[in-house]
Protein chains: 2
Amino acid sequence: MAAQTDDSGPTIPAAIESAWGLRERPPKGPRPGMSVPAIVDTAVRVADADGLAAVSMSRVAKELGAATMALYRYVGSKDELLMLMVDTGYGPSPGPPPPDTDWRAGLTRWAWAEHEVLRHRGWLLHVPITGPPITPQQLGWMEDGLRCLDGTALGEGEKMSVLLLLTGYVRNEATLTSQVAEGGRAAGVEPSEMMPAYGRTVARLIDPARFPALHRVLTAGVLSQDDDPDDEFAFGLDRILDGIEALVRRRAA
Amino acid sequence: MAAQTDDSGPTIPAAIESAWGLRERPPKGPRPGMSVPAIVDTAVRVADADGLAAVSMSRVAKELGAATMALYRYVGSKDELLMLMVDTGYGPSPGPPPPDTDWRAGLTRWAWAEHEVLRHRGWLLHVPITGPPITPQQLGWMEDGLRCLDGTALGEGEKMSVLLLLTGYVRNEATLTSQVAEGGRAAGVEPSEMMPAYGRTVARLIDPARFPALHRVLTAGVLSQDDDPDDEFAFGLDRILDGIEALVRRRAA
DNA sequence: CCTTTCTGCGTATGTCGTACGCTGTTATGC
DNA sequence: GCATAACAGCGTACGACATACGCAGAAAGG
């Protein structure tokens, strides 16, 4: 019976372990000239300024005044860097719900907080996600979301499902609005003219006889006026919370 | 007043226009040796077999027995090819709801149909979407979804929002499950051991005092058993439909 | 038949991630 | 004080990729 170390489960990338503070500096060798947080912050700054596509290893290195390959002493791969960028990009969660907040108000605040982050950091949506969250801030968001549901009679699995449902909605809504915005910028259309332009395009393509319902939507002018994206977000959020409320009530009975 | 041609709105890529059948062959020049559909089908086959990352222009060309640059006579860019791949990959919509179907049953069928497509074509989720749908089949799905809501008192804009909400949910759920699956395959873990392994990893990282709610979820064994992903999907779907039902009832009153 | 217009595609360019190995630095064990 | 081990920085090189450009040959109109 050999001594079993605690390395059960799949291997965790070294840089993630250091994000949890589980890594000390080796006793020998030269002092590191950079640090993982400095690299990640620089990468985030590049993404904020020029988008995720601008984040290349050479660009980040140049920004730091270092050579490209120097970065690989700190992060194992670009994917690892991206994972850490997501953690930093989201930032700390909005914190546990204030006392005397019911679950619905708490989750509303939670969802709006993520909405706000994604509105300012659209590139977060373009990071290819490779697995469930294991970075500190990500799990912090989860924790605070779970706490909102503390007073309910939902099972632990149901709480988790509810959070997944909500965060999925927030991400999806943000993806849609940012796509419209980015597509418009690429085509050189004013943001306010985006939806009308899309409506005209669709109107030109479809045959009203084959797409009657879609045609009705178009003639109703739904795509002609640009709604406040926040209204759109609030609409879906209320629908989902209504659905969750039905479940919470049933469990409470 | 110059004659206004119908090229209002942003430019539509040539290959998309040909997907709508709005393009005839030029009268001169050699006969084309390939066709856009043949190229797209080949690309879809490659993605089905080896994932979206394997879809490069050179790989598709090789598969067709042609040179890389020959493809550019048919599609303007790789992005254009991807857009067409999405259209073909989704395939035709499940059709309008059968007669005497209420909106909830219709949308349930609609959502499960997309769920099924995404389960078989996980790569669809990895295609970076650059704008609102303008390809024939995509708008076909939209049309059929709208028809499900024909009998309700919802406004046209609300119908659209409801569909966006649903399709967003379906995509998000599929993204999560496929990420777990892909992440597990990359780490060499059995699919059934994925969630437990994730649970152990999180348990090792978090401090129960700082993440009490998360710790409670872990000790409840939520992540230890792997649920049927279809159950998870059905759970969220019912929540959302409950929320929509509340709205439909309010409008009907 | 000649010109126009198109197809197929070879070549070349620039960008990217990253494997490999050399050079110089630092702290430890003697 | 000195050898040595462990590490930091990074120059070079490789393979993959999207794609701009331009040339050769094919098909149809005049």
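Letters go in sequence order (proteins before strands), and every chain restarts at 1.
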Item checked: 4.5 Å side-chain heavy-atom contact, Ile129(B) and Val86(B) -> no
Notebook entry, point to check: Where the side chain of Pro30(B) is defined as all heavy atoms beyond and including C-beta, which of dA18(D), dA27(D), dA19(C) is the nearest nucleotide?
Noted result: dA27(D)
Notebook entry, point to check: Pro32(B) side chain: which of dT7(C), dG10(C), dG9(D) is closest?
Noted result: dT7(C)
Item checked: Contact nearer the 5' end of DNA chain C, comparing Tyr74(B) with Gly29(B) -> Gly29(B)
Check: Given side chains that start at C-beta, do those of Phe211(B) and Leu146(A) come closer than 4.5 Å, heavy atoms only?
Finding: no
Check: At under 4.0 Å, does any side-chain N or O of Arg31(A) touch on OP1 or OP2 of dC7(D)?
Finding: no
Next item on the list: Answer with base, sugar-phosphate or nothing: what part of the nucleic acid does Ala61(A) contact at a heavy-atom distance below 4.0 Å?
Entry: nothing
Margin query: Within the 4.5 Å heavy-atom criterion, are Leu81(A) and Tyr74(A) side-chain neighbours or not?
Written below: no
Next item on the list: Check the distance between dC30(C)'s C1' and Lys28(A)'s NZ and give it to me in whole angstrom.
Entry: 12 Å
Next item on the list: Please state whether the phosphate of dA18(D), meaning OP1 or OP2, lies under 4.0 angstrom from any side-chain nitrogen or oxygen of Lys78(B).
Entry: yes
Check: Can you find a heavy atom in the side chain of Glu193(A) that is under 4.5 Å from one in the side chain of Arg200(A)?
Finding: yes
Item checked: Residue whose nearest DNA chain D nucleotide is more 5′ - Leu71(A) or Arg59(B) -> Leu71(A)
Note to self: Under 4.0 Å, counting only non-hydrogen atoms across every strand here, what does Thr68(B) touch: a base, just sugar-phosphate, or nothing?
What the structure shows: base
